[in-house]
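Scope of the values below: all heavy atoms of this structure, side chains included, with no hydrogens, waters or symmetry mates. First listed ligand is number 1; within each ligand, the first listed atom is number 1.
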Amino acid sequence: MIIAIDGPAASGKGTLAKRIADLWGLPCLDTGLLYRAVARDVAARGFRLDDPWAALALARSINAGELCDPELRTPKVGDGASIVARMPMVRGALLAYQRNFSAQPGGAVLDGRDIGTVVCPWADAKIYVTATAEVRAKRRYNEYVCRGEPVVYEAVLADILKRDERDSSRESAPMRAAADADLLDTSELDIEAAFDAAVGLIKRKIGQ
Ligand code: DC
């Protein structure tokens, strides 16, 4: 069974994807980490983030087995990821890995921006997770505060709005709900309620 979880930054899709994967005993891939790894490597080698050839070369050489570097979670790398993610060649270079991951025996859960539309349009269940920009910014802000990182709420909100715009307006695989995705607005839901709602949607879709 393949489950696609898409949605904008800080919508809660990553947490939901992991919990859904645990429930069904499936492997889970946070595809944003692939784009984040490319952005980190481009910057670390001193290239410009909008240099398509550098980004392509590094996308082809990322070690997808090593995605636990804490630097990948920083706002700077997240911002860079949405820049390299605009490039069709970079997206193409990362596609095979994502599709191979989804093709494991038993299936997989993948979360990202284009899983239901491009990576696995044949997924058995697709959920597009949303929440207002203000709610998402508050969640992200709280995460940074918990990690002891100095941060200003307004700056987090501005970053979320900028990323939404970049991710949804790009020509190649823009962030979008698939026509057959179930929408889940988590603005007024805590994680437990969002998880219960997501499980209900998936069970209905797969006929359980
Ligand atoms: O989900 P995230 O915040 O870790 O994603 C970082 C960036 O990577 C996001 O702004 C856009 C890009 N991305 C993408 O274009 N397609 C995906 N499937 C996942 C992430």
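- Shortest contact from atom 19 (C) of ligand 1 to any protein heavy atom: T31 OG1, 3.4 Å.
- Of all the heavy atoms of R36, the ones lying under 4.0 Å from any atom of ligand 1 belong exclusively to the side chain.
- Ranking protein heavy atoms by distance to atom 1 (O) of ligand 1, first place goes to R113 NH1, 2.8 Å.
- Looking at D114 next to ligand 1, an N or O pair under 3.5 Å apart turns up.
- Put simply, the side chain of Y128 does not reach to within 4.5 Å of the side chain of L184, judged on heavy atoms.
- Put simply, part of R170 is less than 4.0 Å from ligand 1, judged by heavy atoms.
- Using a 4.0 Å cut-off between charged nitrogen and carboxylate oxygen, D30 and R73 count as a salt-bridge pair.
- Within ligand 1, the atoms closer than 4.0 Å to a non-hydrogen atom of A81 are 6 (C), 7 (C), 8 (O), numbered from 1 in the order shown.
- Exactly one residue among T117, D180, D182 makes a side chain to side chain donor-acceptor pair (under 3.5 Å) with K126. That residue is D180.
- Nearest protein heavy-atom contact of atom 12 (C) of ligand 1 is A85 CB, 3.6 Å.
- The two residues K13 and G7 make their nearest non-hydrogen contact at CE-O, 3.1 Å.
- Ligand-side atoms of ligand 1 in range of D167: 9 (C), 10 (O), 11 (C), range being under 4.0 angstrom from any heavy atom.
- What sits closest to atom 6 (C) of ligand 1 on the protein, heavy atoms only, is R163 NH1, 3.4 Å.
- Among all non-hydrogen protein atoms, the one lying nearest atom 13 (N) of ligand 1 is Y35 CD1, 3.6 Å.
- At least one donor-acceptor pair closer than 3.5 Å links the side chain of Q104 to the backbone N or O of F101.
- Nearest protein neighbour of atom 20 (C) of ligand 1, counting heavy atoms only, is G32 CA, 3.5 Å.
- Between D69 and R40, at least one side-chain nitrogen of the basic residue sits less than 4.0 Å from a carboxylate oxygen of the acidic one, meeting the salt-bridge criterion.
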I'd like to know whether I115 forms a side chain to side chain contact (heavy atoms under 4.5 Å, CB included) with D111, so could you lay out the CA-CA distance, the side-chain angles of the two residues, the decisive distance to 0.1 Å, and finally the verdict. CA-CA 7 Å; I115 308 303; D111 79 82; 5.8 Å; no
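- Atom CG of L94 sits about 12.0 Å away from atom CE of M89, to the nearest 0.5 Å.
- For atom 16 (N) of ligand 1, the choice among K13, R91, M175 with the nearest heavy atom turns out to be R91.
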